[in-house]
Amino acid sequence: MPPHIGTEPGTGAGSRTAEARAGDSLHWLGVLCALVGGAWLGAAEAPTKLVVLGLSPYAVSLCMVAGVFVARWSFPTLLKGTGYIFRDLRRRRHLIVWALLAGGLWAIANTLTVIAIRDVGLAIAFPLWNANALVGLLWGRVFFGELKGADLGTRLRVFFGTLATVLSAALLGFSSLHHAAGGSAHAVRGIIAALGACVLWGTMYIPYRKAYISGMNPLSFVTVFTVGELASVITLAVALGGGVHVIAAELHHARHVLFWLFLGGFVWVVGDLFQQFAAKYLGIGRGIPLTNTNQLWGLAWAALVFHELRGAALPKMLAVIGGSLGMILGAILISSAIALGREHASRNEAVMRECTRYDLDYLETLSALGGVEAEQQKGGRRWWDALIMLAATVFFVAFAMTAAPPALPIDRFWLVVLCAALLVALGLGTWGLWRKTNFS
Amino acid sequence: MVGPREGMSKSALPREIDSRLLWAILSDAHFLVPATVFVAGVLLLVALS
């Protein structure tokens, strides 16, 4: 007899209340992860601003992804150990295909944005590709039953909250511009590229959610995701960036600023890890738009540390205020849309589909989705875990020693304040994940 | 769906499971949609570059 797919697995009223409370607790953990992810993703742009050298976008992307690759192997190793990660991958080996595919989707979308910015400018391109949260919302509903069975109020809060964050991000994007770019002869090409990036990034969330409703740990997923990402970025850099020799010469010429790009990639990974946990505990319909609050943090870095808004005209300041308020409103709307009984039942149906199709244990998968680790998955660390951590540290220290000090004027007071805020956010997020799920 | 079937010999098991797993993946709408979008993205990128 198959396990039942009820609203909650409990039998009595008291048990249902306890389960509902546990669900609420995971919802707020997901909200915390999304907000911490937003803060770190927003900060990731800061180190790249220090690079004033004329590197090609392919080289910039390649350097950042190299930092991403190192960080994505060191964090899972630090938190759980490679033994745990490989056991998780072996138990759900079919998801390796999805993780690689997601990495490829990310790389293609990222390169399309390069073309879009070049042809129509950031002001037009950014709002187009930033609508990927709406595409994610659609796929979440169609494939994973997100919001299915939710009451009207919850559905409206998620939809209008997502819309508010998308529009506010566009407003904040406008306010970050130094000059209006675009108007080139290839405007149609740029718009098509931006729309393509929007669909690709929005579709990338299908593998995310697929992995998590199958009970995979986000740390295992990103370890494989980054292989697909790095392979695709290298292929694109070589194929479209002028060949191996051109890219190698560019990187050699820019060796003194490479550290800042690696650092950008490293900071981005911290944010992305929290985004992955948000996608696990909130779903993509809620988690992704909530993480898009990164625009607010990006603006804070630009305005406070780099003084990019100094002497800004009134319309620009109004865009900043309007965008910030809209973003906060959107975040509040989505955060308050807690999934209740019937929506949980729809999610459980999606879990059952995966278990039937790929021969997974339903109750164990449901527990994993609730942040409870399977006994078989627990295990000690291996000697090579220390080696991986050592190699990652040497990689960063070596590049840090060759880094040239930034040529850009920086407000040191706000730099310290924002770094402290990041560390506090990291501490809260890490503590929440460790206490409730032990990073599962 | 991808587990071993009754009466299957030990040597045929891994290959059988692999082919059934492969088919389960290839016929999964969760795979077909992102894979199609990925191929379309590559073609779009080549066309626009």
Side-chain angles (χ1 to χ4, degrees), chain A residues 58 93-98 100-112 114-116 118-119 135 139 142-144 186 188-190 192-193 195-197 199-211 213-214 228 232 235-236 239-241 350 353-360, chain B:
Chain A
Y58 300 108
R93 61 193 172 126
H94 64 286
L95 292 170
I96 292 172
V97 175
W98 271 275
L100 291 172
L101 187 57
L105 284 167
W106 182 90
I108 304 285
N110 195 50
T111 313
L112 282 171
V114 174
I115 296 173
R118 186 188 64 196
D119 288 350
V135 178
W139 291 138
V142 171
F143 287 127
F144 305 113
H186 304 293
V188 175
R189 186 173 67 178
I192 291 172
L195 286 173
V199 175
L200 267 98
W201 267 332
T203 306
M204 181 184 74
Y205 302 131
I206 296 177
Y208 280 30
R209 190 61 181 157
K210 171 94 170 172
I213 63 162
S214 303
S232 304
T235 308
L236 291 172
L240 305 173
R353 175 199 182 273
E354 297 307 305
C355 293
T356 310
R357 197 174 181 89
Y358 295 102
D359 201 29
L360 302 171
Chain B
M1 188 176 175
V2 291
R5 284 187 313 206
E6 257 181 67
M8 192 178 288
S9 77
K10 230 176 179 181
S11 59
L13 200 73
R15 201 184 308 158
E16 174 75 10
I17 290 178
D18 280 349
S19 62
R20 287 167 68 194
L21 178 62
L22 187 65
W23 175 243
I25 292 171
L26 292 178
S27 60
D28 191 341
H30 295 175
F31 173 76
L32 290 174
V33 170
T36 308
V37 170
F38 176 77
V39 173
V42 172
L43 294 176
L44 182 66
L45 195 56
V46 171
L48 297 181
S49 297

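So that the names make sense, note that chain A is the first sequence line, chain B the second, and so on, each numbered from 1.
- The part of A/L236 that comes within reach of chain B is its side chain, from C-beta onward, which places non-hydrogen atoms under 4.5 angstrom from that chain.
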Could you pull out all donor-acceptor pairs under 3.5 Å where a side-chain atom in residues 31-48 of chain B meets a protein atom, sequence neighbours excluded?
{"residue": "B/T36", "atom": "OG1", "partner": "B/L32", "partner atom": "O", "Å": "2.5"}

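- Heavy-atom distances place both the backbone and the side chain of A/L105 under 4.5 Å from chain B.
- Residues A/Y208 and A/M204 form a side-chain contact, since some pair of their non-hydrogen atoms from C-beta on lies under 4.5 Å apart.
- Under the 30°/60° scheme for interplanar angles, the aromatic rings of A/W201 and A/W106 are found to be tilted.
- For A/F143, the ring-ring contact (aromatic ring centres under 6.0 Å, His included) partners are A/W139, B/H30, not counting sequence neighbours.
- Proximity to chain B (any heavy atom under 4.5 Å) is shown, for A/L200, by both the backbone and the side chain.
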